[in-house]
Amino acid sequence: MEQRHVSPETLVAQGLGEADPGSGGLAPVINLSTNYEQQPDGAYPNGRVYTRADNPTSEHAERLLAALEGGGCACALFSSGMAAATAVFQSLLPGDHVLVSRVLYWGVRKWLAEFALTWGLDVEFTDTTDLDAMAAAIRPGRTRLLWLETPANPMWEITDLAAVCELAHAAGVRVAVDNTVATPVLTRPFEHGADLVVHSATKYLNGHGDVLAGAVLSARRDPLWERIRSWRRNAGAMPGPFEAWLLQRGMRTLFLRVHRASETALAVAAHFHGHPALAEVLYPGLPSHPGHQVAARQMDGGFGGMLSIRMAAGASQALAVLGEVRVFKRATSLGGVESLIEHRRGSEGPSSPVPDDLLRLSVGIEAPGDLIADLEAAIDAASRRPAPAGSGEAVR
Ligand SMILES: Cc1ncc(COP(=O)(O)O)c(C=O)c1O
């Protein structure tokens with residue numbers, strides 16, 4: 001039957017709209033086989049040999065995510081977001097100069113600090129929200145990659161993707177965007193010129209806090225892409241079929257979850273903006289946020305479910321609020337159906353650049369009023385009690 005063109009929202013809700021060819025089932029089957037039968041003439045009928053390289057269940061999730069990010073991109077799933085991110089860095093060559101946004105997810109920063117040098121990469125942190133700083137940091141002929149997040153963890157700084165891609169491409173530099181926080185529901189970096197998109201699929205893509213997975217997507221099937229795929233195959237960074245299957249199931253509700261989390265996060269941010277106990281609410285949806293104008297242009301349908309609050313009375317107050325929440329769950333990670341609260345500095349350790357008065361909130365899909373009332377009550381209660389001694393260690 002002739003197919004009708006549908007939006008990514010419809011495509012993802014229907015899991016690509018393809019019934020299983022064997023059973024006619026609308027949910028895809030999980031293919032657990034680790035190996036594939038070779039024909040007497042030596043051929044492999046579907047081109048698959050061994051599941052460390054290829055697996056049909058992973059391929060289904062990959063096609064779903066590629067359809068979401070758009071632009072005819074290629075997609076490879078990984079066993080975690082960090083496996084995906086490091087595959088990109090490890091596909092570069094010794095001596096390559098790499099620019100990295102100065103505000104970014106701690107795990108990537110830590111990996112770069114520990115392993116980039118031994119890999120021979122020359123890593124430099126730069127402010128990707130400042131085009132002049134970016135232009136000055138690019139070393140023509142030596143800079144190979146610019147790596148950034150927008151909104152960037154955990155200050156939610158916004159980088160103008162189109163402007164940065166234009167600048168980078170003029171100097172022959174590839175741009176990789178960690179799109180974990182915005183998700184393709186709100187931002188599709190390829191439309192702004194990005195060359196690579198990376199995800200921790202553990203977060204919004206799966207969305208239920210029960211899968212560890214990652215993905216790299218590439219605008220082109222070029223030699224760098226082949227190296228990234230080769231890295232996955234040879235380093236064994238494939239996810240298991242169960243994870244890939246759970247991921248495709250989670251992605252079916254991605255639009256609903258991301259839109260709901262974005263609406264609630266905006267309501268929470270607007271409610272607490274100007275609260276006397278807070279020094280600052282960091283959320284790109286607030287007109288007071290320095291990146292708001294760029295975010296309003298670049299993000300489509302919301303500003304995401306992540307925000308941070310900074311307590312006016314400092315770190316002890318932040319820890320006291322953490323101890324008083326009842327509806328928000330005290331936990332690390334983000335992008336799930338339940339709302340989380342975390343003292344990032346405590347989680348990241350003493351060398352963290354995150355202010356110690358900051359609490360990071362991942363807003364879920366609960367009733368917005370319950371979340372606002374919980375935070376309000378926690379802030380109220382915290383202002384009436386001292387912080388527990390040593391609680392900085394307790395939240396790590
Ligand atoms: C923005 C971002 N990128 C990458 C990662 C790493 O992903 P994973 O935990 O799936 O390895 C995380 C994890 O928190 C993240 O927040």
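In each ligand, atom 1 is the first atom listed, and ligand 1 is the first ligand listed.
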Using a 4.0 Å heavy-atom cut-off, which part of V198 comes near ligand 1: side chain, backbone, both, or neither?
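Neither; nothing of V198 gets under 4.0 Å from ligand 1.
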
Just heavy atoms, cut-off under 4.0 Å: does L104 contact ligand 1 by side chain, backbone, both, or neither?
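Neither; no heavy atom under 4.0 Å.
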
Residue, atom name and distance, where the atom is the protein heavy atom closest to [atom]:
atom	answer
atom 3 (N) of ligand 1	D178 OD2, 2.6 Å
atom 10 (O) of ligand 1	T202 OG1, 2.6 Å
atom 15 (C) of ligand 1	Y105 CG, 3.5 Å

Check side-chain hydrogen bond (donor to acceptor under 3.5 Å, both in side chains) between R297 and all other residues, then give those that pass, not counting sequence neighbours.
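Scan of R297 (side-chain hydrogen bond (donor to acceptor under 3.5 Å, both in side chains), adjacent residues dropped) gives D160.
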
Return the set of residues passing side-chain hydrogen bond (donor to acceptor under 3.5 Å, both in side chains) with R360 (not counting sequence neighbours), or none when no residue passes.
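R360 satisfies side-chain hydrogen bond (donor to acceptor under 3.5 Å, both in side chains) with N153, E342 only.
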
More than 12 heavy atoms of other residues, nucleotides or ligands under 6.0 Å from CD of E376: is that the case?
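Yes, CD of E376 has more than 12 neighbouring heavy atoms, counting only those of other groups under 6.0 Å.
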
Would you call A213 a ligand 1 contact, heavy-atom distance under 4.0 Å?
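The answer is yes: ligand 1 sits under 4.0 Å from a heavy atom of A213.
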
So, 4.0 Å and heavy atoms of K203: is ligand 1 close enough to count as a contact?
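K203 counts as a contact of ligand 1 under the 4.0 Å cut-off.
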
Distance alone, cut at 3.5 Å: any donor-acceptor contact between the side chains of H192 and Q298?
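The criterion, which ignores hydrogens and geometry beyond distance, is not satisfied for Q298 and H192.
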
Kindly say whether A277 contributes a backbone atom to a donor-acceptor pair with the side chain of H275 at under 3.5 angstrom?
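Judged by distance alone, yes, a pair lies under 3.5 Å.
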
Centroid separation W147 to W111 less than 6.0 Å:
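No, they do not, as the ring centres are separated by 6.0 Å or more.
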
